[in-house]
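Computed from a predicted model, the values in this text were never measured in an experiment. Just so it is clear: chains get the letters A, B, ... in the order the sequence lines come, proteins before strands, and each one is counted from 1.
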Amino acid sequence: LRICEAMIRILERRRQFGGVWEMLEDLTRKGYPIPVEAFGVLIKGYGYAGMVEEAIEVLEKMGNLGLKASAGCYNALLEVLVKHNRIAEAENIYQRMLLAGFKPDKITSNTLLHGFGKSGKVKRARRLLEHLKENFIYPDAINYTALMAGLCKAGMPNEALSFVDDMTEDGYQPDVVTYSALIAGFCKAGNLHQAFILFNQMVDRGCLPNVFTYSTLIYALFKAGKAHDAHTLLNEMQQSLCSANIVTCNILMNGLGKEKKMDEARALYDEQGCVASVETYNTLISGYCKKSKLDEAFRLFHRMYVDGRPPN
RNA sequence: CAUGGUUUGAACCG
């Protein structure tokens, strides 16, 4: 299994999906058993490559090789479909999964709830929650958060917030992930006021904000043109012994770049001691381009190769 | 020397 997965990954990285199938057919011909789990890796690989149709076809091709898809394969495919907002197809695959005799597990339910949320299907989500309970599968904090995060991405933070009551009735309190998702949802909707109400509420309830929570709010403050408040919150974050990570750095640089303070942004990045990611470079390049400093932008572009992080 | 460690909830550029 390990060898099989490793080979699939290597071929995927080179976008040689044809080679993957050659290998699988070859193994079958020679009588080696192929572990079905390996196909989950392949399905995800197609997903990352944006080849959704091909991901769906993996199920058929498995049948051709005389193999039956596992729950993990169905879950992987559901995730690919949800990521690409193909919710009708996800629904279709889910029904096929049930027909094949699989019960939805935590991963299945999380993926579907996230997908229903992301496509604003509140009623369908409620129906799934009921169906799960009828089958003695009880939704937990993660299930509810997956749904709420989806709704937030759909620009429906108020609908998301309403599920806190359902969650509480089932005996679960929102955790730091739930709060961060809701805060991000209200920030995205431009309701910073409500975002900070939730921020204060979580602190009052003894739920400690983490780097996700702070980064979300710092990003929103910059976007609202409140650079000063963003800096204040950054200080607050550091005083609460929460250290910035690479995403926080990217957010700061993005914010400072908008203020056309690229030098300050670079200094800040060095000071935090973060290691530049592809996103870091993209953020900086984007900042320089907006300032029409193409020479600086290209300097960074070339440095990406030297750094071993080629442009995407 | 190299590669890999199936699948699910929150933040940044594109």
> Reckon A:Glu79 touches a base, only the sugar-phosphate, or nothing at all at heavy-atom distances under 4.0 Å?
Replying inline: sugar-phosphate
> Is it the case that A:Thr213 and A:Asn210 place a side-chain donor and acceptor less than 3.5 Å from each other?
Replying inline: yes
> What integer distance in Å separates A:Phe39:CZ from B:U7:P?
Replying inline: 16 Å
> Between A:Lys188 (NZ) and B:C12 (P), how many Å, whole number?
Replying inline: 8 Å
> What's the closest nucleotide to the A:Ala181 side chain, out of B:A10, B:A11, B:G14?
Replying inline: B:A10
> Side chains of A:Asn143 and A:Ser109: do they bring a donor and an acceptor to under 3.5 Å?
Replying inline: yes
> Say you draw a straight line from CD of A:Glu159 to CG of A:Leu147; how long is it, rounded to the nearest 0.5 Å?
Replying inline: 10.5 Å
> Under 4.0 angstrom, heavy atoms only, what part of the nucleic acid is A:Ser215 near: base, sugar-phosphate, or nothing?
Replying inline: base
>> In this structure, how many angstroms lie between the C1' atom of B:A11 and the CD1 atom of A:Ile251, rounded?
In response: 5 Å
> Separation of A:Phe163 atom CZ from B:G9 atom C1', in whole Å?
Replying inline: 15 Å
>> Using a heavy-atom cut-off of 4.0 Å across all strands, would you classify A:Asn210 as base, sugar-phosphate, or nothing?
In response: base
> Checking all strands, does A:Ile107 fall into the base, sugar-phosphate, or nothing category for heavy-atom contacts under 4.0 angstrom?
Replying inline: base
>> What's A:Asp140 touching, base or sugar-phosphate or nothing? Going by heavy atoms closer than 4.0 Å.
In response: nothing
> At under 4.0 Å between heavy atoms, what does A:Thr178 touch on the DNA or RNA strands: base, sugar-phosphate, or nothing?
Replying inline: base
> Roughly, in whole Å, what's the span from OH in A:Tyr172 to P in B:G9?
Replying inline: 18 Å
>> Nearest 0.5 Å, please: how far is CD1 in A:Ile183 from CE in A:Met202?
In response: 5.5 Å
> Between A:Thr248 and A:Asn245, is any side-chain donor less than 3.5 angstrom from a side-chain acceptor?
Replying inline: yes
>> Any base atoms under 4.0 Å from A:Lys153, or only sugar-phosphate, or nothing? Heavy atoms, all strands.
In response: sugar-phosphate
> For the pair made of CE in A:Met148 and P in B:U8, what is the distance, rounded to whole Å?
Replying inline: 20 Å
>> Taking only side-chain N and O atoms of A:Lys44, does any of them lie within less than 4.0 angstrom of OP1 or OP2 on B:U8?
In response: yes
> Which one, B:U7, B:A11, B:G14, comes nearest to the side chain of A:Ser286?
Replying inline: B:G14
> A:Arg205 versus A:Tyr179: any side-chain heavy-atom pair under 4.5 Å?
Replying inline: yes
> B:A10 base to A:Asp175 side chain: any donor-acceptor pair below 3.5 Å?
Replying inline: no
>> Nearest to the side chain of A:Asn312, heavy atoms from C-beta on, is which of B:C12, B:A10, B:G14?
In response: B:G14
> Please give, in whole Å, the distance from B:G14 P to A:Phe301 CZ?
Replying inline: 16 Å
>> What is the separation between atom CE on A:Met62 and atom P on B:U6, rounded to the nearest whole Å?
In response: 18 Å
>> Under 4.0 Å from OP1 or OP2 of B:C13: is there any side-chain N or O of A:Tyr219 that close?
In response: yes
>> Given the structure, check if the side chain of A:Asn250 and the base of B:A11 hold any donor-acceptor pair shorter than 3.5 Å.
In response: no
